[in-house]
Amino acid sequence: MSDRKVRVRFAPSPTGPLHMGGVRTALYNYLFAKKLGGDFILRIEDTDQTRFVPGAEDYIRESLEWCGMVPDEGQGYGGEFGPYKQSERKPMYRQYADQLVESGHAYYAFDTSEELTKMRELAKKAGTANWQYNNVTRSHMKNSLTLSEEEVNKRIADGEAYVIRIKLPRNEEVKFEDIIRGWVSVNTNNIDDKVLFKSDGMPTYHLANIVDDHLMNISHVIRGEEWLPSAPLHILLYRYFGWEESRPQFAHLPLLLKPDGNGKLSKRDGDRLGFPVFPLQWTNPEDGESSSGYKQKGFFSEAFVNMLAFLGWNPGTEQEIFSMDELIESFSLERVNKAGAKYDHDKTKWYNQQYLRAKTDAELSDLLGKEAAAAGYENLDASFLARVANLMKERAYFIKDMLEEGDYFFKRPEEYDAKTLKKKWNVDSRLHVEKLQTLFGATDDFGIENLETIFKTYLEENELGFGKVGPGFRLAVTGKGMGPSMFEICSILGKKETLERMQIALDKLPV
RNA sequence: GGCCCAUUCGUCUAUCGGUUAGGACGCCAGGUUUUCAUCCUGGAAAGAGGAGUUCGACUCUCCUAUGGGCUGCCA
C-alpha cells in the first residue's frame with residue numbers, strides 16, 4: 001500500500017460550471033499527486049443523463065488549465081485507463097452489478113420510483129421522518145429477495161424495469177480510517193440498500209465510482225465532505241468485490257461555506273454578496289444567463305489558487321504567499337482542517353494585490369497594454385505603459401484599477417471632479433495654473449525632479465502652501481481630486497500634453 | 001426525526017499537556033503623503049458550556065449546546 005504509485009482523480013459531473021469548491025477539491029488532489037510524484041486524473045462522472053449540460057465538460061478542463069492544473073491523464077487528455085467518461089464506460093458496469101447479485105450482496109428490485117415516492121410520503125404522514133429501502137423494509141417490497149426465482153425471471157423476461165440494490169448486512173459496524181478525520185464508524189442499520197444499477201442501464205455514482213477507481217488503480221480518493229456518509233457503503237463494496245487489498249485511502253475535505261451565516265457556498269451567495277463563485281465566466285446554455293468568473297473579474301489565477309489552497313489548509317508557517325510549486329512542496333493532507341471554511345472575498349482581493357505587486361514593470365506593462373487595448377486604447381508604447389504601471393501598482397488590486405483610476409493617462413479629462421472643483425477651484429488656483437503653465441512651458445526637462453523643483457520654487461517665491469496650488473493643478477491635468485504624484489504624472493504625459501491640458505482646463509473652467 | 005462530521009479573535013488559521021494563546025484579512029488610532037492609496041507604528045478582538053483524566057488542559061475522554069453534511073433509480 002505504502003509504496004504504491006500515487007494516482008488520484010478529480011471526478012466532477014458535468015451538470016454545470018465547476019464552482020470554486022470543486023476547484024479546491026481538484027487543487028488538493030493535484031497538490032497531493034504532484035508532491036508525491038503521482039498522477040492527477042480527470043474523470044467525468046456523467047451517469048445521470050438527465051442532468052447533462054452542454055459545455056460543462058469543456059468548462060471543467062478550461063478551469064483546471066486556467067488554474068495551472070493540467071491532468072496527467074483523463075477525459076480529453078488520453079491515458080491507458082480510458083475511457084475516462086462514465087457514459088462511455090457504460091458496458092463495463094453491468095458485469096460488476098451481476099457479480100454482486102451472484103455473490104448474494106445485491107438483488108433485483110422492481111419497485112418503481114413512483115411507488116417509492118408514495119411510500120415515503122405515506123411514511124411521512126404516519127409520522128416516520130424518513131422511510132428507507134433497507135434491511136427491514138426490503139422484505140415488504142417487490143424484489144428478488146421476496147419474489148420467487150420464477151417470478152423474478154418472468155418479470156425480467158417480460159422487460160419489466162428494475163434496479164439492482166446492494167444488500168446491506170444487519171447491524172454491522174463499518175469502520176475506516178480517513179486521512180483527515182481519523183476513524184469513522186457507521187452501523188449498517190443506518191444505511192439504506194442503495195441502488196447500484198439504475199433501470200436505464202446506467203450505474204449510480206456508488207457503483208461506477210468504486211469500479212472505476214479500482215480499474216484505474218486509484219490510490220487515494222480525495223473528495224468533499226458530502227461524501228462522508230456514503231463512504232462506509234463504498235468500503236463495503238470494495239469488500240464485496242474482493243478488492244480490499246488495493247482499496248484506495250480516503251480523505252474527506254471540509255466544505256467551503258458562505259461568508260455570512262452558515263451553509264455551503266452557493267451561486268446565490270455570490271450574486272447576493274457580489275463575488276464570483278466560478279473560476280471562469282459561464283453562460284447557461286438554457287436561458288442565456290451568465291455568471292461571473294474570477295478570471296474575467298481580473299483575478300490572477302495564481303492568486304485565486306493561493307487563496308483556495310489556504311481555505312482549509314495551511315503550511316504551519318507564517319508564509320502566506322505560495323506559488324503553485326511552493327504549494328506542491330509544502331502540501332500535505334495531514335494539515336488539512338476538519339471544519340468547514342467561510343469564504344472571505346476581502347482576503348481574495350488582498351491575495352490579488354500581493355501578486356500584482358510582485359510582478360515586474362515589464363509584466364505589468366504587458367498586462368496593462370492588453371487591458372487598455374480591450375478598452376479601446378491601442379498600440380501604446382511599452383515604456384509608457386511600464387511607467388504608468390509602476391506608478392499605479394501600489395494603489396491597485398487589479399490591472400483594471402490602473403486603467404480606471406489612471407484613466408487620465410489614456411485620455412484627456414472629459415469632466416472634472418465636482419467636489420474638488422467646488423472646494424478648490426477659484427480665482428487663485430486658476431492663476432496658479434496659468435503661472436505653472438508658463439513655468440513648465442519654459443523648460444524642456446520634463447523629468448520628475450525638475451518639475452518638482454520648479455513647482456516648489458514657485459511655492460517658495462510666493463510663500464504658498466502645497467494645498468493652495470496642488471489640488472487645482474491636479475484637477476486641471478487629470479480631472480481628479482486625488483491620485484499619485486503630479487510630477488510623475490506630468491513627466492509621463494510629457495510637456496506638450498501637460499501644457500495643453502492646462503490650457504483646456506483654463507478654457508473650460510471659468511470661475 | 002435518524003445517522004455522520006465539526007466547534008480558537010468578525011473571518012482564514014498557528015498551537016500537537018506547561019505560551020503574555022502567535023500570524024494574516026478586515027476594523028480602529030497615530031505617523032508618512034499636497035490629496036487618495038500605499039507604507040510604517042500601535043490597538044481592540046478568541047479557546048461554545050459543563051463534567052472528568054492530570055501536578056497542570058485550547059490540546060485527551062464524556063455529556064450538552066450550536067453549526068454543517070447526508071438521508072433520491074443526483075452526484
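Just so we're on the same page: letters track the sequence lines, and every chain starts at 1.
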Of the listed nucleotides B:C73, B:A6, B:U34, the one nearest the side chain of A:F466: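 Between B:C73, B:A6, B:U34, the one nearest the side chain of A:F466 would be B:U34.
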A:R9/A:D212 ion pair, N-O < 4.0 Å: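 No, A:R9 and A:D212 are not salt-bridged.
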A:R223 side-chain N/O to B:A75 phosphate OP1/OP2 under 4.0 Å: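 A:R223 to B:A75 OP1/OP2: no side-chain N or O under 4.0 Å.
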Rounded interatomic separation in angstrom, taking CG from A:L196 and P from B:C74: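 Rounding to the nearest Å, CG of A:L196 and P of B:C74 are 12 Å apart.
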Separation of the P atoms in B:A6 and B:C25, to the nearest angstrom: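 Here B:A6 and B:C25 have their P atoms 30 Å from each other.
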Interatomic distance where CD belongs to A:E225 and P belongs to B:C5 [whole Å]: 10 Å
Summary of protein contacts for nucleotides 19-29 of chain B, nucleotide by nucleotide, where a base hit scores B, a sugar-phosphate-only hit scores S (4.0 Å, heavy atoms): ---SSBBS---
Listed nucleotide nearest any side-chain atom of A:K198, set B:C74, B:G72, B:U7: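 Side chain of A:K198 sits closest to B:C74.
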Atom-to-atom span, CD of A:E488 to P of B:A37 - whole angstrom: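 Result: 18 Å.
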B:C73 phosphate, OP1 or OP2, under 4.0 Å from A:R120 side-chain N/O: yes
5' precedence on RNA chain B between A:S199 and A:K338 (nearest-nucleotide basis): A:K338
Rounded distance (Å) that lies between atom P of B:A75 and atom CZ of A:R9: 14 Å
Ring-ring centroid check A:Y28 A:W313, cutoff 6.0 Å: no
Gap between atom OG1 of A:T25 and atom CZ of A:R223 - 0.5 Å precision: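 Between atom CZ of A:R223 and atom OG1 of A:T25 there are 11.0 Å.
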Pairwise C1' distance for B:C58 and B:U19, with rounding to whole Å: 11 Å
Reported CE-to-OH distance for the pair A:M141 and A:Y133, which is rounded to 0.5 angstrom: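 Rounded to the nearest 0.5 Å, the CE-OH separation comes to 5.0 Å.
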Base paired to B:U59 (Watson-Crick or G-U; both N/O distances under 3.5 angstrom): none
Of the listed nucleotides B:G68, B:C70, B:C12, the one nearest the side chain of A:P229: B:C70
Nearest to side-chain heavy atoms of A:K264, which nucleotide of B:U38, B:A75, B:G69: B:G69
Whole-Å distance separating the CG atom of A:D417 from the P atom of B:C36: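 These atoms are roughly 13 Å apart.
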Residue A:K468 excluded, over 12 heavy atoms near NZ under 6.0 Å: no
Nucleotide opposite B:C4 in a Watson-Crick or G-U pair, distances under 3.5 Å: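 By the stated definition (distances under 3.5 Å), B:G68 pairs with B:C4.
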salt_bridge(A:K194, A:D192) N-O dist < 4.0 Å: yes
Atom C1', compared across B:C74 and B:G67: separation rounded to whole Å: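 My reading of the C1' atoms in B:C74 and B:G67 gives 25 Å.
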Between B:U34 (C1') and A:L451 (CG): distance, integer Å: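 Interatomic distance, CG of A:L451 to C1' of B:U34: 16 Å.
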Base-pairing mate for B:U41 - Watson-Crick or G-U, with both contacts under 3.5 Å: B:A29
Spacing between A:N337 atom CG and B:C5 atom C1', to the nearest angstrom: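 Rounded to whole Å, this separation is 14 Å.
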Whole-Å P distance, B:U20 and B:C4: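 B:U20 and B:C4 have their P atoms separated by 40 Å.
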Side-chain donor/acceptor of A:R51 to base of B:C74, under 3.5 Å: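 A donor-acceptor contact between them is present.
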A:K194 side chain, from C-beta outward: closest of B:U38, B:U71, B:C73: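 Among B:U38, B:U71, B:C73, the one nearest the side chain of A:K194 is B:U71.
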A:E463 CD: over 12 foreign heavy atoms closer than 6.0 Å: no
Closest-nucleotide ordering on RNA chain B, the 5'-leading residue of A:A11 and A:G470: A:G470
Base of B:U71 paired with side chain of A:N130 (donor-acceptor, under 3.5 Å): yes
Residues A:E405 and A:K480 bridged, charged N to O under 4.0 Å: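 No, no charged N to carboxylate O under 4.0 Å.
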Complementary nucleotide of B:C36, counting Watson-Crick and G-U pairs under 3.5 Å: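 WC or wobble partner does not exist here.
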With A:K347 via side-chain contact (heavy atoms from CB on, under 4.5 Å) - residues at least two apart: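 Residues passing side-chain contact (heavy atoms from CB on, under 4.5 Å) with A:K347: A:E320, A:D344, A:W350, A:Y351.
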Integer angstrom distance from the C1' of B:C27 to that of B:A45: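 Here B:C27 and B:A45 have their C1' atoms 10 Å from each other.
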Residue-phosphate contact under 4.0 Å: A:N190 side-chain N/O, B:G2 OP1/OP2: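 Answer is no, no contact under 4.0 Å.
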Listed nucleotide nearest any side-chain atom of A:E226, set B:C70, B:C73, B:U38: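 Comparing B:C70, B:C73, B:U38 against the side chain of A:E226, the answer is B:C70.
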Pairing partner of B:A24 (Watson-Crick or G-U wobble, both distances under 3.5 Å): B:U11
Donor-acceptor pair present, A:R474 side chain and B:U34 base, under 3.5 Å: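 Indeed, a donor on one side and an acceptor on the other fall under 3.5 Å apart.
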A:K85 NZ to A:E57 CD distance, which is reported to the nearest 0.5 Å: 4.0 Å
Nucleotide of B:C12, B:U38, B:C5 approaching A:V184 most closely (side-chain heavy atoms):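 Per side-chain heavy atoms of A:V184, the pick is B:C5.
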Nearest-Å distance once atom C1' is located in both B:A21 and B:A57: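 About 13 Å, rounded to a whole number of Å.
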Nucleotide of B:A75, B:C4, B:A14 approaching A:V186 most closely (side-chain heavy atoms):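 The closest nucleotide is B:C4.
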Whole-Å P distance, B:U61 and B:U53: 15 Å
Pairwise P distance, B:G22 and B:G47 [rounded to whole Å]: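 Roughly 13 Å separates the two P atoms.
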Atom-pair distance (CG on A:D178; C1' on B:A6), nearest Å: 13 Å
